[in-house]
Visitor: 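There's a structure below that I have some questions on.
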Amino acid sequence: MPDTDQKLVAALRASLKETENLRTRNRALQAAADEPIAIVAASCRYPGAASPEELWRLVAE
């Protein structure tokens, strides 16, 4: 196999490997983004929310 062909094959293999790595990372990021959010406590004051219920309504909107 000529040197140019070997370089092309090596570049294509590296590209395929990087594509698979990116797909794997993308799947992990998408899974993390789909994790639900849990508010387990509310003890601070926030502008526009006088109670934890109002804060929850603002967050949900």
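Values below: all heavy atoms of this structure, side chains included; hydrogens, waters and symmetry mates excluded.
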Visitor: Going by salt bridge (Lys or Arg N to Asp or Glu O under 4.0 Å), name the pairs with one or both residues in residues 46-61, residues two or more places apart or in two chains.
Guide: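 Only Arg57-Glu61 qualify under salt bridge (Lys or Arg N to Asp or Glu O under 4.0 Å).
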
Visitor: Which atom pair, heavy atoms only, marks the closest approach of Gly48 to Leu58?
Guide: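 What the structure gives for the nearest pair is O-CD1, 3.3 Å.
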
Visitor: I'd like to know if the side chain of Thr24 and the backbone of Glu20 have a donor-acceptor N/O pair within less than 3.5 Å.
Guide: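 It does hold such a pair.
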
Visitor: Does any non-hydrogen side-chain atom of Asn21 lie less than 4.5 Å from one of Glu18?
Guide: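 Yes, close enough: below the 4.5 Å cut-off.
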
Visitor: To the closest 0.5 Å, what do you measure between CG (Leu12) and OG1 (Thr19)?
Guide: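 Answer for the CG-OG1 pair, Leu12 versus Thr19, is 10.5 Å.
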
Visitor: Taking atom CG of Leu8 and atom CZ of Arg13, what is their separation to the nearest 0.5 Å?
Guide: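 Reported value, rounded in 0.5 Å steps: 10.5 Å.
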
Visitor: Taking the side chain as C-beta and beyond, is there a heavy-atom pair between Arg27 and Arg23 under 4.5 Å?
Guide: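 Yes, close enough: below the 4.5 Å cut-off.
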
